[in-house]
Amino acid sequence: GQIQGLRAPSAAELWPAGGELAVERALADFDAGRRDALFKSWALLVPSEAAAGPTGCILELRLRVHFGTLPVRRALEASNPRANEMEPDFEDLRAFLAQPRAASLEESVASVAPLFALPFVPLPQ
């Protein structure tokens with residue numbers, strides 16, 4: 001129902017043109033391991049204020065850890081005999097951690113503190 005003078009927003013107002021498709025594409029990129037494509041969608045879908053806040057930074061940190069460890073996890077799942085010799089790709093994660101907004105997370109959110117050490121642990125799998 002409507003409250004006098006107020007109405008519920010329509011789907012078109014909640015999602016910009018193609019917004020639902022962009023979300024589907026972002027989820028497909030995540031599932032397929034396409035880091036760059038996912039972060040391109042992230043920049044379009046997540047308002048900059050939300051991305052810069054603690055919750056957005058934590059989610060971005062976890063996404064970067066996910067993509068950094070993905071090749072090794074896939075190799076382990078496939079029982080690849082060389083999986084234990086593989087090293088995760090943490091260059092992207094290191095660059096993110098060097099940013100001031102990531103540094104503020106380390107002090108404020110104990111649950112993600114171990115993720116800050118991950119790029120410096122040899123063979124973290």
Side-chain angles (χ1 to χ4, degrees):
Q2 278 188 313
I3 298 176
Q4 195 172 18
L6 297 177
R7 64 175 181 73
S10 68
E13 291 170 317
L14 289 173
W15 291 99
E20 290 181 41
L21 180 60
V23 170
E24 289 178 27
R25 187 173 41 243
L27 292 172
D29 290 335
F30 176 84
D31 289 341
R34 295 185 294 260
R35 176 182 56 206
D36 294 338
L38 175 89
F39 281 112
K40 196 176 286 188
S41 294
W42 167 274
L44 295 172
L45 292 168
V46 180
S48 58
E49 307 83 46
T55 302
C57 285
I58 290 169
L59 180 56
E60 186 174 349
L61 172 64
R62 291 183 184 274
L63 286 168
R64 292 185 187 281
V65 168
H66 166 79
F67 286 115
T69 59
L70 186 61
V72 176
R73 286 185 287 115
R74 284 185 173 165
L76 288 169
E77 289 170 4
S79 299
N80 182 335
R82 294 181 167 219
N84 289 327
E85 300 168 12
M86 294 178 69
E87 291 193 29
D89 178 10
F90 286 136
E91 289 306 312
D92 187 56
L93 177 59
R94 283 187 186 104
F96 174 75
L97 293 176
Q99 296 176 13
R101 64 191 180 110
S104 67
L105 282 180
E106 186 176 22
E107 299 164 4
S108 63
V109 185
S111 65
V112 297
L115 299 178
F116 283 79
L118 203 53
F120 307 100
V121 176
L123 300 175
Q125 61 273 27

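Side chains are part of it too, since the values below use all heavy atoms of this structure and drop only hydrogens, waters and symmetry mates.
Taken from OG1 in Thr55 to CG in Leu59, the straight-line distance is 9.0 Å, to the nearest 0.5 Å. Here the straight-line distance linking atom CG of Leu93 with atom OG1 of Thr69 works out to 9.5 Å at 0.5 Å rounding. Between the CG atom of Leu97 and the CG atom of Leu61 there is a distance of 6.0 Å, given to the nearest 0.5 Å. Here the straight-line distance linking atom CG of Leu63 with atom CZ of Phe96 works out to 9.5 Å at 0.5 Å rounding. Distance CZ/Arg35 to CG/Asp29: 12.5 Å, rounded to 0.5 Å. The line from CG of Leu70 to CD of Glu77 is 8.5 Å long, rounded to the nearest 0.5 Å.
One side chain, Arg73 or His66, offers a donor N or O that lies under 3.5 Å from an acceptor on the other.
For the pair Ser41 and Arg25, the tightest heavy-atom approach, listed with the atom from each and the gap, is OG-NE, 4.4 Å. Of all heavy-atom pairs spanning Val72 and Glu87, the tightest one is CG2-C, 3.8 Å.
A salt bridge links Glu91 and Arg94; the closest N-O separation between the charged side-chain nitrogens and carboxylate oxygens is under 4.0 Å.
A donor-acceptor pair under 3.5 Å is formed between the side chain of Arg101 and the backbone N or O of Ala51.
Taking 4.5 Å as the limit, every side-chain heavy atom of Asp92 sits out of range of all side-chain heavy atoms of Phe67.
A cation-pi arrangement is present between Arg64 and Phe39 under the rule of less than 6.0 angstrom and at most 45 degrees off the ring axis.
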